[in-house]
Amino acid sequence: MVTIASPPGTGPDQGTSRRATRTASMAVLAGSLLALAAVVVLSIAIGSNRLSLGEVFHGLFAYGDGEHGYTDAVVRDDRLPRTLLGLLVGMALGLAGALMQAVTRNPVAEPGLLGINHGAAVMIVFAGALFDITAPTSIIWFAFAGALGGTALVYVVGGGRGTSSPIRLVLAGVALQAVFAGINQGMQVINTHNLDKMRAWLVGSLVNRDVGALSGLLPFFAAGVVLALVLGRALNAIALGEDTARGLGANPMLTRIGSMVAVGLLSAAATAACGPIAFVGLMVPHLVRLLVGHDERWVSALSMVLAPVLLLGCDVLGRWVGSPAEIQVGIVADVVGGLAFLFVVRRLKAVRR
Amino acid sequence: MNRRSLFSIAALVLVMLAVGVLSIGTGEFQLSFGDVLKTLAGNGTKAQYLVVTDRLPRALVGVLVGAALGLAGSVFQTLTRNPLGSPDIIGFTTGSATGGVATILVLGGSPVLIAGGALVGGLLTAGVVALFAAPRGLQSSRIVLLGIALSAVLAGINSYLLSRATTDGAGQATVWLVGNLAGRDWGYFAPLAVALLLLTPAVAALSRPLRMLEMGDDTSIGIGVPVQRVRPALFVLSVALVAVATAAAGPIPFVALCAPQLVKRLTRTPGPNLIASMCMGALLVVCADYAGQRLLAASLLPVGVVAAALGGLYLIFFLVTRRRAAWS
């Protein structure tokens, strides 16, 4: 058993400590928002053309006064949509990771590592290969089905109700990913029609996405966020253990199912938008817990701010290191996230021999 | 070795030969089972002879690759005393792949050079895993999580290397990276066979201490096994086996994981079961290659893809049937 949550505010001076935590959390939130603003500017400025800060702001706020026609177009038509997409996907991944870690009480839970994003990917490839469906507004439903199926499978294989063994859960994810990847490749062999597009997409990338389609994904994303908000209090209770949760009036089964649906909605939106991306949802909630403690509502909220910082950061890094070409954000996230995961694993005390 | 083990080994070899002949006989030019045997014995027509000499090395490379992986898996699972302590879970296979890709892209792709690169990559990865697992050593379950993390990093590095390569090098490396037996001719077979002829006896020579190690370090030291020397030696040998196999066919996942476990179920004997694991590994690779060529009509799936999907299913089965295992 690995416990990631300790009961919040159980000391004698509960009131003051809670207020202090709250102030600290607000400070962290402010810092995170600043970081987010900074990475958004970087994401717009850095690319095959490096733009100056002035050009970025001109493109954003003074578009169309004729002075910087070309750079304005780069900002508005290329960099800004890409950045917005990264923001949305990052938020979805961060929140999904925070939810999964809370509900499984398992520090390694994350939709990318556990094969849920790959489940969504399988269904998207399936839709493209067999029915020629590639419009984002339609594939999102396939992605949702795949993500839900993947979540259910990983829970079942990973040990059912008490999915608290990190090794078992991660292995279940590795196994599912292998099977899903095999199915993906098999389907690509059967139908080479969409092959190249699929291959680029399966790596996880923010390039050349159809931004109009974003509006089709927004409802899924919004539904996931709302569901997560509703579940916040119950998730806090679950973190204290199943019996305590019941005593506090939470329904563990209902919470578990609700968070599974929320994770499915969020992973589906993220994967349909830019392919399966791992580790972003794993690292950020860990970092947030280090900063603000274990109130799941704060963890969820801050994960939604910091995950896009990480994702856009990886995207910028890929453009910067790979320049003049670029390295897809999925690859950068694998390297950065894998390294971070090494340290997370080292910190796990409760992994038995 | 008891009778059940011997019987299992004989059965594995027979099935493997049958699938091998089947695999040689099918393709764009079909040969019957009998024709393949006749040609192998030297009595076929010229066309048949050409087909068989073309496909025979592929089958043989598959057999040797599988045997090497099965042996490495068996040694490694015994060393870590963990059914999941297999080279692919722990990341050596991906590390060997990184070494191989780097070699292909920098030095070009002769099989011997790739083998060298794969060996260096595998050993470096092994070193990093050992370093991170340090406080509790190889037998900690944490090694599984470390391996998965490191695999992700290495896979990212592989993709990065590919993205920076020239079109030619990237093409060759991509095909190799999936785990493929297509186009493996005698030029691949020869170095692989030589390497196995060197490595297998070395492992065999250490098989007695290996069997002792399974009883735990204290017992082993008590009966006079030089644990401090035997363990690193076996460690390096099994990494070398994985590297050699990876150099020949690219990374083929899960064979090293499954083979020793399946053998354990089949022979019902404890201990490393080295010979049976080699046979099982060979059978698995030959079957996966055959399935990849014939499963989907007229389309060729690389052996690595089939092995990944089947191995993943096996791992799921393993997790479900071992709900209350000690390592969880």
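Residue numbers start from 1 in every chain, and the chains themselves are labelled A, B, ... in the order their sequence lines are given, proteins ahead of strands.
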N/O donor-acceptor pairs under 3.5 Å from side chains in residues 97-105 of chain B, not counting sequence neighbours:
residue: B/Thr98; atom: OG1; partner: B/Thr94; partner atom: O; Å: 3.0
residue: B/Thr98; atom: OG1; partner: B/Asn158; partner atom: OD1; Å: 2.8
residue: B/Thr103; atom: OG1; partner: B/Gly99; partner atom: O; Å: 2.5

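- When all heavy atoms of B/Gly312 and A/Ala178 are compared, the closest pair comes out as CA-CB, 4.2 Å.
- Distance CG/B/Leu145 to CD1/A/Ile167: 4.5 Å, rounded to 0.5 Å.
- For B/Phe254, the part lying near chain A is the side chain, with the backbone staying farther off; criterion is any non-hydrogen pair under 4.5 Å.
- At a 4.5 Å heavy-atom cutoff, the contact between A/Phe279 and chain B is made by side-chain atoms alone.
- Between B/Ile89 and A/Leu171 there is a side-chain heavy-atom pair separated by less than 4.5 Å.
- Across A/Ile331 and B/Gly156, no two heavy atoms sit closer than the pair CG2-O, 3.3 Å.
- Neither the backbone nor the side chain of B/Leu154 comes within less than 4.5 Å of any heavy atom of chain A.
- Of all non-hydrogen atoms in A/Ala175 and B/Ile316, the two that sit nearest each other are CB-CG1, 3.6 Å.
- A/Gln177 pairs by the side chain to side chain contact (heavy atoms under 4.5 Å, CB included) definition with A/His118, not counting sequence neighbours.
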What verdict does the side chain to side chain contact (heavy atoms under 4.5 Å, CB included) test give for B/Val153 and A/Asp334, after you've listed the backbone C-alpha separation in whole Å, the side-chain angles of each residue and the deciding distance to 0.1 Å?
CA-CA 6 Å; B/Val153 176; A/Asp334 270 353; over 6 Å; no
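- In this structure, A/Ile327 CD1 and B/Tyr160 OH are separated by 5.0 Å, a value rounded to the nearest 0.5 Å.
- With respect to chain B, the highest number of heavy-atom pairs below 4.5 Å among A/Val332, A/Val170, A/Ile183, A/Asn184 belongs to A/Val170.
- One finds the CZ atom of A/Phe341 at 7.0 Å from the CD1 atom of B/Ile148 (value rounded to the nearest 0.5 Å).
- Proximity to chain B (any heavy atom under 4.5 Å) is shown, for A/Val321, by both the backbone and the side chain.
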